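Reading through the structure tokens given below for one structure.
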Amino acid sequence: MSDAVTGWTDERVELLGKLWSEGLSASQIAAALGGGVTRNAVIGKVHRLGLSGRTKGSQPPAPRAAKPRAPSAPGPVQELRPRTPEAPPPEPASATVLVLPPAAVVPAAEPAIPVSERISIMELRETTCRWPLGDPTSADFGFCGGRSVTGLPYCEAHCRIAYQPAAERKRLRA
DNA sequence: CCCTGATTCGC
DNA sequence: GCGAATCAGG
């Protein structure tokens, strides 16, 4: 087993290069890598690898003036990630069970989505949550319509419902 | 508003 | 080396 769950393994770098060359965006690649990395991480790596310049480059990007950025943080306060303290570390999709949208029963913790916020099937975009709400045969049927996690069909809240660790799901099953 | 990549810099 | 924060732009 690889010792580092963190960091870029050869395989991940390889996939990164592959997807990048295929023209996928950094955020899409980040999602493809299991979401453990952000698009910033992907971009940073891409640059470090030296494959930032796309093939069609004819003119060097105008040198952007350096910016002073962070004025230096005075507070010793450590920032916590918006992640859950018990973040599922190494298990990406393989150990994750896909739960299809409810045909009738919703697990629980369903975020309240105002009916007025629902969108029609025609309004679905690549970045809109496709979580179905309501009775498909009814007029009030619609989709969540929230902003989906890039690369995934659902918003963050519905992703939590749709993609659950096998263990957790088994527990809920009881 | 959504998104894109680019860059700097603290770690 | 890594990636968050930020910038600049579409």
Side-chain angles (χ1 to χ4, degrees), chain A residues 1-93 96 101 111-133 142-163:
Chain A
M1 297 286 274
S2 53
D3 48 297
V5 178
T6 181
W8 291 91
T9 62
D10 290 1
E11 281 136 53
R12 287 165 72 86
V13 171
E14 197 176 331
L15 180 58
L16 165 64
K18 177 171 177 283
L19 297 179
W20 181 262
S21 64
E22 285 178 6
L24 274 78
S25 71
S27 62
Q28 286 181 308
I29 294 173
L33 286 173
V37 291
T38 64
R39 74 179 197 91
N40 280 320
V42 170
I43 292 173
K45 186 59 180 175
V46 163
H47 279 249
R48 259 172 264 125
L49 289 172
L51 29 77
S52 55
R54 67 290 176 199
T55 47
K56 56 182 300 183
S58 52
Q59 279 194 341
R64 215 156 277 117
K67 34 90 195 61
R69 233 197 40 108
S72 73
V77 193
Q78 298 278 326
E79 277 196 35
L80 296 178
R81 319 237 157 132
R83 290 292 182 199
T84 309
E86 227 177 299
E91 264 71 28
T96 301
I113 309 290
V115 177
S116 57
E117 297 272 311
R118 293 180 187 176
I119 64 174
S120 73
I121 194 169
M122 293 304 294
E123 296 175 287
L124 286 176
R125 294 197 311 136
E126 184 65 37
T127 58
T128 51
C129 179
R130 293 166 156 67
W131 192 268
L133 295 167
F143 297 88
C144 169
R147 206 183 100 259
S148 66
V149 175
T150 305
L152 295 174
Y154 309 122
C155 66
E156 198 175 329
H158 285 129
C159 273
R160 286 194 212 102
I161 299 174
Y163 307 105

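The chains referred to below are lettered A, B, ... by the order of the sequence lines, with proteins before strands, and numbering in each begins at 1. What you see is a predicted model, and the numbers here were worked out from it, not measured in a lab.
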Report the distance from atom [atom1] of [X] to atom [atom2] of [N], rounded to the nearest whole Å.
X: A:Leu49; N: B:dT7; atom1: CG; atom2: C1'; result: 16 Å
X: A:Ile29; N: C:dG3; atom1: CD1; atom2: P; result: 14 Å
X: A:Leu51; N: B:dA6; atom1: CG; atom2: P; result: 11 Å
X: A:Ile43; N: C:dA8; atom1: CD1; atom2: P; result: 16 Å
X: A:Leu16; N: B:dG5; atom1: CG; atom2: P; result: 11 Å
X: A:Leu124; N: B:dC2; atom1: CG; atom2: C1'; result: 16 Å
X: A:Leu33; N: C:dC2; atom1: CG; atom2: P; result: 13 Å

Quick one: pull up [atom1] in [X] and [atom2] in [Y] and give me the separation to the nearest 0.5 Å.
X: A:Arg130; Y: A:Leu152; atom1: CZ; atom2: CG; value: 11.0 Å
X: A:Tyr154; Y: A:Ser148; atom1: OH; atom2: OG; value: 11.0 Å
X: A:Cys144; Y: A:Ile119; atom1: SG; atom2: CD1; value: 8.0 Å

Taking the minimum atom-to-atom distance to the side chain of A:Asn40, which one of B:dT4, B:dC3, C:dT6 wins? C:dT6

Nucleotide nearest A:His47 when distance is taken to its side chain, options B:dA6, B:dG5, B:dC3: B:dA6

Under 4.0 angstrom between [X] side-chain N/O and [N] OP1 or OP2:
X: A:Ser27; N: B:dT4; result: yes
X: A:Arg147; N: B:dC3; result: yes
X: A:Trp8; N: C:dG3; result: yes
X: A:Lys45; N: C:dG1; result: no
X: A:Thr38; N: C:dA4; result: yes
X: A:Arg48; N: C:dC2; result: yes

Other residues, nucleotides, ligands: >12 heavy atoms within 6.0 Å of A:Leu49 CG: yes

Would you state whether a donor and an acceptor, one from the side chain of A:Arg39 and one from the base of C:dG3, lie under 3.5 Å apart? no

Could you check A:Glu22 against A:Lys18 for salt bridge (Lys or Arg N to Asp or Glu O under 4.0 Å), going step by step and ending with a plain yes or no? CA-CA 6 Å; A:Glu22 285 178 6; A:Lys18 177 171 177 283; 3.2 Å; yes

